[in-house]
Amino acid sequence: MVSGLISGRRAGLSYKASTNIGLTLMVRGGFSIILAKMGVIAELDSILIPFTALYVLLLSIAEPLMAKEAKNIYKGLSQMYKWTKECNKKNIEVYENESMNSLS
């Protein structure tokens, strides 16, 4: 969640949008299973697989619930950290490609 919040703020998004991004990215734990399997193959520790499976299961359950309650989570974080409602959105210009114009 923290990485989504930081990335959103660095992109100039509001705290609210950044919080939503962070909550949406929480369930991306499938890669953890791959890393845990590689650790077991390298004989690091055999507890990695069950721990990772539990981690992914818990996040798979928690993520939809937290995304549903994103507004309330944002309100709580906003009160805790005294976030302002200002947004420093960057102006991004989109240029049409010449080849795209020739297709139409």
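We count residues from 1, following the sequence as given. Both backbone and side-chain heavy atoms feed into the values below; hydrogens, waters and symmetry mates do not.
Among all heavy-atom pairs drawn from Met1 and Leu77, the shortest one is CE-CD1, 3.5 Å. Nearest heavy atoms, Arg9 versus Leu13: NH1-O, 2.6 Å. Pairing each heavy atom of Gly8 with each of Ser18, the nearest pair is C-OG, 3.1 Å. Scanning both residues, Thr19 and Tyr74, for their nearest heavy atoms gives OG1-CD1, 3.9 Å.
Residues Met80 and Met66 share a single hydrophobic cluster, defined by chaining ILVMFWY side chains whose heavy atoms lie under 4.5 Å apart. Follow the hydrophobic side-chain contacts under 4.5 Å out from Tyr81 and you reach Leu5 in the same cluster.
Taking Ile6 as the reference, Val2, Arg10 meet the side-chain contact (heavy atoms from CB on, under 4.5 Å) condition, with sequence neighbours excluded. Ala70 is linked by a side-chain contact (heavy atoms from CB on, under 4.5 Å) to Asn20, Leu23, counting only residues two or more places apart in sequence or in another chain.
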